[in-house]
Q: 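So that we are looking at the same thing, I have put the structure below in structure tokens.
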4 protein chains.
Amino acid sequence: MSIVRTVGRPKLENRPLELLTTAAELFARQGFDGASIRDIARAAKVQPSSFYHFFRSKEDLFEEVYVEGVRRIRDAVTESIRSDLSPWDRLEAASTAHLTTLLETDYFSIVVAKTIPNGDREIDGRLIVHRDNYEKLFINLIDDLPNTTTRDQKYLRFALFGALNATVQWYRPGQDRPEEIAHNIVRLFRIKLDEQQEK
Amino acid sequence: MSIVRTVGRPKLENRPLELLTTAAELFARQGFDGASIRDIARAAKVQPSSFYHFFRSKEDLFEEVYVEGVRRIRDAVTESIRSDLSPWDRLEAASTAHLTTLLETDYFSIVVAKTIPNGDREIDGRLIVHRDNYEKLFINLIDDLPNTTTRDQKYLRFALFGALNATVQWYRPGQDRPEEIAHNIVRLFRIKLDEQQEK
Amino acid sequence: MSIVRTVGRPKLENRPLELLTTAAELFARQGFDGASIRDIARAAKVQPSSFYHFFRSKEDLFEEVYVEGVRRIRDAVTESIRSDLSPWDRLEAASTAHLTTLLETDYFSIVVAKTIPNGDREIDGRLIVHRDNYEKLFINLIDDLPNTTTRDQKYLRFALFGALNATVQWYRPGQDRPEEIAHNIVRLFRIKLDEQQEK
Amino acid sequence: MSIVRTVGRPKLENRPLELLTTAAELFARQGFDGASIRDIARAAKVQPSSFYHFFRSKEDLFEEVYVEGVRRIRDAVTESIRSDLSPWDRLEAASTAHLTTLLETDYFSIVVAKTIPNGDREIDGRLIVHRDNYEKLFINLIDDLPNTTTRDQKYLRFALFGALNATVQWYRPGQDRPEEIAHNIVRLFRIKLDEQQEK
DNA sequence: CATGAATGAGGATTCATTCAT
DNA sequence: GATGAATGAATCCTCATTCAT
């Protein structure tokens, strides 16, 4: 899993990862509007003015955090997909990877799960592209499920994503572990559609 | 279910309903931090100072919008519950009411669906009380489902709410209607647990 | 001691004395700028708009409080002056009356003691006239003191007023009573100038 | 005694002294509530927002002005105390220093003389500490006076401070000079208690 | 690289006051 | 008399951002 994308920008290797990490945490907890550059700079122990050496704007920073969040989830999910598993097991493995990243890794992915780009902001279009890019992975996995109609697939996708991402609202460490949660959520859909084929 | 009820609700009848309605829309689209009192006042065509004749603070306004949103969803769901239906049909009827309110009536309920109180703000505690109060309705409906374990119920609740509320992120008017969406989402869970008893 | 001046304004008899009394207290504690019409109206349990039935403006109100404060002190001092006393005893009696009004009666007089009209505000000129009008009483008493030069009198006046009015800064009920304080303060000056004649 | 000392006082040396000086003047003339940040910034020819680079809040600014005022008076008084003088002459010298600072140097000390911390505000406690710290100097000088009782000392202290600080209300440049005023005020008390010993 | 200084716009909120009812 | 509604100006303060050093 890469740390920070380094293409197209000078000196990205040195760019304080801490700034991104700190921003991720604050954006995850307080949202884009609720977290100020001052807050982030203070938490990262730099001056707000120094911030502009690394990011052109607050929106830029947010987009980088978001992109990194998508990448981390995508990398985890990609890694989890093994062709020797059944389609449903692949979907469960992917869901487990998605949830584990969301709930146990860091704040980058939480920003992704909590952010709802609605097109009102100029940045939203770009965020949606990133997110859609990732969701294709799941769409493919769902398309592989046996005995499912297009309609099944469409709603399964929306429902599964809704259910998985909503975990960030109620998950508390120490209770069910992410893989248990993923297993149980997928199970809710799996047997139904699995059994259906036998009818 | 009326759009706005002014009977028996003293808090609403004398206050510029437009202020609440406008606030609901802006909060729904831009979130608490993204919508300013200036924005809301401008959209409602009053001076920002006039706003303070009706609401003590921005948080107060938000809470009123949220409470009204919860009330509208709750009223719709309560009305939809008919004892002559089977447990699963009751759950689907409730889900349809929930979704119809969310997607077809107004912005109050969308504020509820999009707001994730996480305890960081002082207001969050109160919001959670309102929301939990409503969610009990669904918990009861889910408890009534035949042949479900406690674990089934727990995950069904989280997954169903996640799936239903996530619709505000992808729903576009003109495509599937709310009742179709609700039907299809509940169907994903329904058959599975229904069939299970026959195993 | 009159309650509220009733000349020149209609319906003054009914004008809520409580508004004046409340204003006196808030002006005494928080100053003109620190006490708002809202504060005063709230404490007096009327609406801010009702306030304007009785006073043309905040400055008007302040002036009335100030004038009433001056009157209360002046009335008390006037009453205390008895021609059968020696000049020094008369001055002490007047000082006692002044201090008793300041420290034991109400907030009107405290506004007078704490307000320092410096001419920056349009209202200041009028306040100074009221105050000077009262201070003439003391000037006369001091002029009557035996064996004092004009310079003595001038500084005695400034020092005595300074010392007396400063009591509002340190006086705490339950310790020395106002007449004791007045006696001790006057004593500081009295013996010196009294004795001097014997030299 | 220099007007502004920038050596050894880190808090002053880097900050726009003009901001402090301007604030001192406006606070002296209009009080804490009467002088707005806008006013001060405008008079100092900076934007109100620039102000917040140097001071965290209006209260902070006021406290700094107050502390600086106390320091200037204290420095002047400390410098004036010479052990080769008689106790009464020391007190007069201190009074002269106090008055000269108050009336001839700048506005910092006037803020101290005009501000009456009464405990209603959160800042008052700190102001009182600063003031008390300074007043100890005078208490010591008064304690050294021969043939004075504790009661004499207590009232002399209150009366002397009251008389000295009240000068800011009536002093006009061009008439009596501060040292004359101090001399005359102390003289009012001095002979009395001095003479007493001969009785 | 880093940052202290600066800023215009905007944040929520309060101000004294007016006026129709 | 009384007041609820309204307002424009002002309150303190924070915003994201720029720039000279």
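Chain letters run A, B, ... following the sequence lines, proteins first and then strands; every chain starts at 1.
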Q: Residues in side-chain contact (heavy atoms from CB on, under 4.5 Å) with D:Ser49, at least two apart?
A: D:Gln47

Q: By side-chain contact (heavy atoms from CB on, under 4.5 Å), which residues pair with A:Val168, not counting sequence neighbours?
A: A:Leu102, A:Leu103, A:Ala113, A:Lys114

Q: Taking CZ from D:Phe55 and P from E:dA5, how many angstroms apart are they, rounded to a whole number?
A: 11 Å

Q: Please tell me if A:Ser50 has a side-chain N or O lying less than 4.0 Å from either OP1 or OP2 of E:dC1.
A: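 Negative; the distance criterion is not met.
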
Q: When rounded to the nearest 0.5 angstrom, what distance separates CD in D:Glu63 from CZ in D:Arg56?
A: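 Taking CD in D:Glu63 and CZ in D:Arg56, the distance rounds to 10.0 Å.
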
Q: With sequence neighbours left out, write down each residue that passes side-chain contact (heavy atoms from CB on, under 4.5 Å) with B:Val70, or none if nothing qualifies.
A: B:Tyr66, B:Val112, B:His130, B:Tyr134

Q: Report the distance from atom CG of D:Leu19 to atom P of E:dT7, rounded to the nearest whole Å.
A: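 After rounding, the reported distance stands at 11 Å.
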
Q: Take N1-N3 plus N6-O4 or O6-N4 for Watson-Crick, N1-O2 plus O6-N3 for G-U, both under 3.5 Å. Which runs of 3 or more such pairs involve DNA chain F?
A: E:2-21 with F:2-21

Q: For D:Asp39, check salt bridge (Lys or Arg N to Asp or Glu O under 4.0 Å) against everything at least two apart and list the hits.
A: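 Here the qualifying residues are D:Arg42.
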
Q: Can you list everything that forms a side-chain contact (heavy atoms from CB on, under 4.5 Å) with A:Ala24? Sequence neighbours excluded, please.
A: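 Residues passing side-chain contact (heavy atoms from CB on, under 4.5 Å) with A:Ala24: A:Val65, A:Tyr107, A:Phe108.
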
Q: Pairs of donor and acceptor atoms involving the side chains of residues 115-123 of chain D, under 3.5 Å and at least two apart or interchain, shall be tabulated with distances.
A:
unit_1   : atom_1 : unit_2   : atom_2 : d
D:Thr115 : OG1    : D:Val111 : O      : 2.7
D:Asn118 : OD1    : D:Asp120 : N      : 3.0
D:Asn118 : ND2    : C:Arg29  : O      : 3.3
D:Arg121 : NH1    : D:Asp33  : OD1    : 3.4
D:Arg121 : NH2    : D:Asp33  : OD1    : 3.1
D:Arg121 : NH2    : D:Asp33  : OD2    : 2.2
D:Glu122 : OE1    : D:Arg126 : NH2    : 3.2
D:Glu122 : OE2    : D:Arg126 : NH2    : 3.0

Q: Specify the separation, in whole Å, of atom CG of A:Asp60 and atom P of F:dT18.
A: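 Interatomic distance, CG of A:Asp60 to P of F:dT18: 11 Å.
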
Q: Ignoring backbone atoms, test whether D:Gln47 places a side-chain nitrogen or oxygen under 4.0 Å from the OP1 or OP2 oxygen of E:dA6.
A: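 It does not, given that no N or O in the side chain of D:Gln47 lies less than 4.0 Å from OP1 or OP2 of E:dA6.
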
Q: What does nucleotides 11-17 of chain F look like as a protein-contact string, B for base, S for sugar-phosphate only, - for none, at under 4.0 angstrom between heavy atoms?
A: BSBBBBB

Q: Tell me the interatomic distance from B:Phe54, atom CZ, to E:dA12, atom C1', rounded to whole angstroms.
A: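 B:Phe54 atom CZ is separated from E:dA12 atom C1' by 18 Å.
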
Q: For B:Tyr52, give me all partners under ring-ring contact (aromatic ring centres under 6.0 Å, His included), at least two apart in sequence or on another chain.
A: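 If we apply the ring-ring contact (aromatic ring centres under 6.0 Å, His included) test to B:Tyr52, skipping adjacent residues, there are no hits.
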
